[in-house]
Amino acid sequence: MTTLDAPEGLASPVGAARIAELTRLVRSTTGTSRTARSPITGEGFAEIPQSDPDDVEEAFRIARRTQTSWAQTSLRERKRALLRLHDLLLERQDELMDIVQLETGKSRFDAFGEVLHLALTARYYGRRLHRQLRPSHPSGVFPGLTSIELRRVPKGVVGIISPWNYPLTVALCDGLPALAAGNTVVHKPDAQTPLSALAAVELLREAGFPADAWQVVLGDGPVVGGAIVQRADYICFTGSTATGRLVAQGAAERLVGCSLELGGKNAMIVLPGADLGKAAAGALAACFSTAGQLCVSVERLYVPAEAYDAFSDELLARVRTMSLGVGFDWDPDMGSLVSQQQLDAVSRHVDDAVAHGATVLAGGVPRPDLGPWFYEPTVLEDVPPTAQLYAGETFGPVVSLYPYRDVDEAVELANAGEYGLNASVWGPVREAKAVAARIKAGTVNINEGYAGTFASVDAPMGGMRQSGLGRRQGDEGIWRYTESQSVAVQRLLPITGPASMARERYAGLVTTSLKILRRTPRA
Ligand code: NAD
């Protein structure tokens, strides 16, 4: 592996004055703060104000007041704000990437992926919201007599709770359709990565969304996140399956809706006939983007037994030439893990697998010479089912290789376990599509790792089984924030028939009408 020089000290391109400007956007009256530490050096670089349940209460009060007027704005005005946001994201990308890298330690190219995804989302909902939100006209019971208008009514104030791994785009991409549909938002970003979210929220205001439409609170997950769950009209949660279950319980208690984007143990299947070099290059991006701290990244690789050695050689040759490092330039292929906690979790998983008999083909060690929480891209084989990482999500730069006998066995192995977020299949498209139809995952990428579905924001994305409930992106991504309201207009005759007509006669008339309608193909 090529290791790039570690920076001596933290020469942060984001100055103290700028950080102070951003933290003023947090709703906080507690007078308490938390030290933000950068994975680039492990040093503290800012004090971030923290919120408590009273701040959450105030955030909801303001968001509710703002929602009433925001819901009255025209779709054209919302479209303008979304498209302006798209332009601002691209114009300000350098600072946004600096902030994301400062907080997460990910490579610049991975940080660029966040800007890109968010810009795509803003453009998509900007262009589509008219079609998605304008009233539609389903059939009335008797053509000509009953007409229906189906309206999409905003839910109110949406609570968003987001994690640290994609702190820019996952902070905002779910909230943009919520705003577009006429809701306002109270948001708790993860404690590790508040500035990325705040920088994006600042852009929302500049783009033309009302200043109070997006409230940010920060603090302890169960306390501040819990206070959001107790107040929101709808909750959008992204994070671990364990926390997602708690959020779902809170939502069930209050009978409000929620969408949950949770964990995964995503499989990639290399089919017989696949180009092994292309598949190995694809695996590199699928396994090690954002150092594997990506909900849709691949942690299990299934390869035909007869191609196992050749594929393994292709993969290892590429892993060995990856450039590793932290810093604000574009050179490193892979950056750091986000925190000591994450480094401990990844090390524990790999050490446990080795203790159970797994073989390390590449990596398997931390790299404190590069950064305090750096871990090498790691490839394992012979991982037994008793190892924790066999079925449990590692959420780090670790992938296990497994040979399979035939495609049926590959599908069975890929579908094993409790998750169902993403899968990747490499090989001839016709065969790969047939395999995709048998995979229990919300997204399947053919001849790609995850980016095909992730970046195609017109396509819904989310998990089956323990990987979540509901979908982000596409029509489903915006309709989840609306209640459908059916308005029926009755003309000429009441549905129960004219008052002057005997019931039996009317029943006969309705029966005849139903028989005619049954024969009318479009009724
Ligand atoms: P986490 O569940 O610990 O935390 C996520 C968020 O929930 C944080 O903001 C946290 O402060 C908050 N939180 C914690 N406890 C809470 C509670 N009791 N009530 C309300 N909020 C609470 O997850 P994490 O470890 O920070 O993130 C990594 C996990 O997120 C991984 O499992 C990963 O797969 C998943 N993830 C999924 C997606 C997706 O789209 N499916 C995207 C990114 C991350």
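Note that ligands are numbered from 1 as they come in the structure, with each ligand's atoms numbered from 1 the same way. Here the structure is a predicted model, which is why all the values come from computation and not from measurement. Hydrogens, waters and symmetry mates are skipped; everything else that's a heavy atom, side chains included, is used.
Within the 4.0 Å heavy-atom shell around ligand 1 one finds T238. Heavy-atom distances between Y166 and ligand 1 stay at or above 4.0 Å for every pair. Within the 4.0 Å heavy-atom shell around ligand 1 one does not find G468.
The distance criterion of under 3.5 Å between nitrogen or oxygen atoms is met by R472 with respect to ligand 1. Checked against a 3.5 angstrom limit, the closest N/O atoms of F395 and ligand 1 fall outside it. Ligand 1 has an N or O atom lying under 3.5 Å from an N or O atom of W164, backbone or side chain. Distances between N or O atoms of T241 and those of ligand 1 include no value under 3.5 Å.
When the heavy-atom distances from atom 1 (P) of ligand 1 to S240, G462, S297, P167 are ranked, the shortest goes to S240. Residue N165 holds the heavy atom nearest to atom 43 (C) of ligand 1 of all those in V338, N165, I161. Closest to atom 17 (C) of ligand 1 by heavy atom, among G225, G226, P222, is P222. Of the listed options G244, G239, S467, G239 places a heavy atom closest to atom 35 (C) of ligand 1.
Geometrically, K106 engages Y166 in a cation-pi contact defined by less than 6.0 Å to the ring centre and at most 45° from the axis.
Proximity of L262 to ligand 1, defined as any heavy-atom pair under 4.0 Å, is confined to the backbone N, CA, C and O atoms.
Closest approach of Y419 and R465 over heavy atoms only: O-NH2, 2.8 Å.
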